[in-house]
Amino acid sequence: MNQDPLISEDYFTRVYEVVALIPYGKVTSYGAIARYLGTASAARMVGWAMNHAHVNQPQLPAHRVVNRNGLLTGKAHFFPVSMQERLEAEGIQVKEDEIVDFTQHFWDPVVELQFS
DNA sequence: GTGGTGACGACAC
DNA sequence: GGTGTCGCCACCA
């Protein structure tokens with residue numbers, strides 16, 4: 001019934017699709033994903049999807065998704081591997097549970113994917 | 001069907 | 001400039 005493949009799945013799946021598209025060594029924010037999905041104000045919904053991400057998509061690179069401040073808010077949910085450890089493994093520096101040069105590593109799906 | 005929740009974001013003070 | 005509060009939408013009990 002839906003027109004676009006990105007919205008043909010559940011909202012959760014849409015989030016997973018975008019997160020899965022995050023390139024190596026890049027990070028994005030919940031709000032950026034929410035805006036790409038058309039629900040900019042529902043950034044919390046993205047976080048919720050991530051809450052079950054480890055159940056539906058355990059392979060999902062959720063460690064590349066942080067809040068608008070570049071803070072590793074969801075690191076507490078990461079197990080057994082620390083979120084910071086994974087980011088550093090990709091060349092992203094993390095200081096005080098916060099990504100260094102967050103804007104530099106920021107990857108905006110709206111800009112990068114730009115609905116092309 | 002209603003209420004509450006949530007890995008957030010923006011605005012107000 | 002930092003802290004606090006509200007809003008927001010979709011899912012779960």
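What's counted below: heavy atoms across the whole structure, side chains too, no hydrogens, waters or symmetry copies. Numbers restart at 1 for each chain; the letters A, B, ... are given by sequence-line order, proteins then strands. Bear in mind the structure is a predicted one, so any value in this text is a computation, not a measurement.
A:Asp10 places no side-chain N or O within donor-acceptor distance of the main-chain N or O of A:Phe12, the cut-off being under 3.5 Å. In this structure, the side chain of A:Asn67 engages the main chain of A:Gly70 through a donor-acceptor pair within 3.5 Å. Panel note: side chain A:Arg64, backbone A:Ile22; a donor-acceptor pair is recorded below 3.5 Å.
Mapping A:Arg44 and A:Phe12 onto DNA chain C via the closest heavy atom, the residue that lands nearer the 5' end is A:Arg44. Sequence order on DNA chain C of the closest nucleotides to A:His52 and A:Ser41 puts A:Ser41 first from the 5' end.
For the pair A:Asp97 CG and B:dA7 C1', the computed distance is 13 Å after rounding to whole Å. Whole-Å rounding puts the A:Ile33 CD1 to B:dG9 C1' distance at 14 Å. Computed from coordinates, the A:Arg64 CZ to B:dA7 C1' distance equals 17 Å when rounded to whole Å.
Within the 4.5 Å cutoff, no side-chain heavy atoms of A:Val65 are placed close to those of A:Val27. Within the 4.5 Å cutoff, side-chain heavy atoms of A:Val19 are placed close to those of A:Met50. When side chains are defined from C-beta on, A:Tyr16 counts as touching A:Asn56, because their heavy atoms get closer than 4.5 Å. Between A:Asn69 and A:Phe102, the closest side-chain pair of non-hydrogen atoms is not below 4.5 Å. Proximity of A:Leu71 to A:Val66: side-chain heavy atoms (C-beta onward) are nowhere separated by under 4.5 Å. Side-chain contact check for A:Gln93 versus A:His105: every heavy-atom pair is 4.5 Å or farther apart. Between A:Leu72 and A:Val94 there is a side-chain heavy-atom pair separated by less than 4.5 Å. Looking at A:Val111 and A:Phe106, their side chains never come closer than 4.5 Å, going by heavy atoms from C-beta outward.
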DNA chain B in dot-bracket, Watson-Crick or G-U pairs under 3.5 Å, [ ] crossing, | other strand? .|||||.||||||
Sub-3.5 Å pairs of nitrogen or oxygen atoms, protein against nucleotides 10-13 of chain B:
none

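On the nucleic acid side, DNA chain C contacts chain A at distances under 4.0 Å to non-hydrogen atoms, with the end points of that region at C:dG7 to C:dC11.
Put simply, A:Thr73 has a side-chain N or O that comes within less than 4.0 Å of OP1 or OP2 on B:dC8.
Sorted pairs that involve residues 21-34 of chain A and meet side-chain hydrogen bond (donor to acceptor under 3.5 Å, both in side chains), not counting sequence neighbours, are lacking altogether.
Across all strands, A:Asn51 comes closer than 4.0 Å to base atoms (heavy-atom distances).
Of the residues in residues 77-87 of chain A, those with a non-hydrogen atom less than 4.0 angstrom from any atom of DNA chain B are A:His77, A:Phe78.
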Side chains of residues 73-83 of chain A: which donor-acceptor pairs under 3.5 Å do they make with residues two or more places apart or in other chains?
residue	atom	partner	partner atom	Å
A:Lys75	NZ	A:Asp97	OD1	3.1
A:Lys75	NZ	A:Asp97	OD2	3.2
A:Ser82	OG	A:Gln84	N	3.4

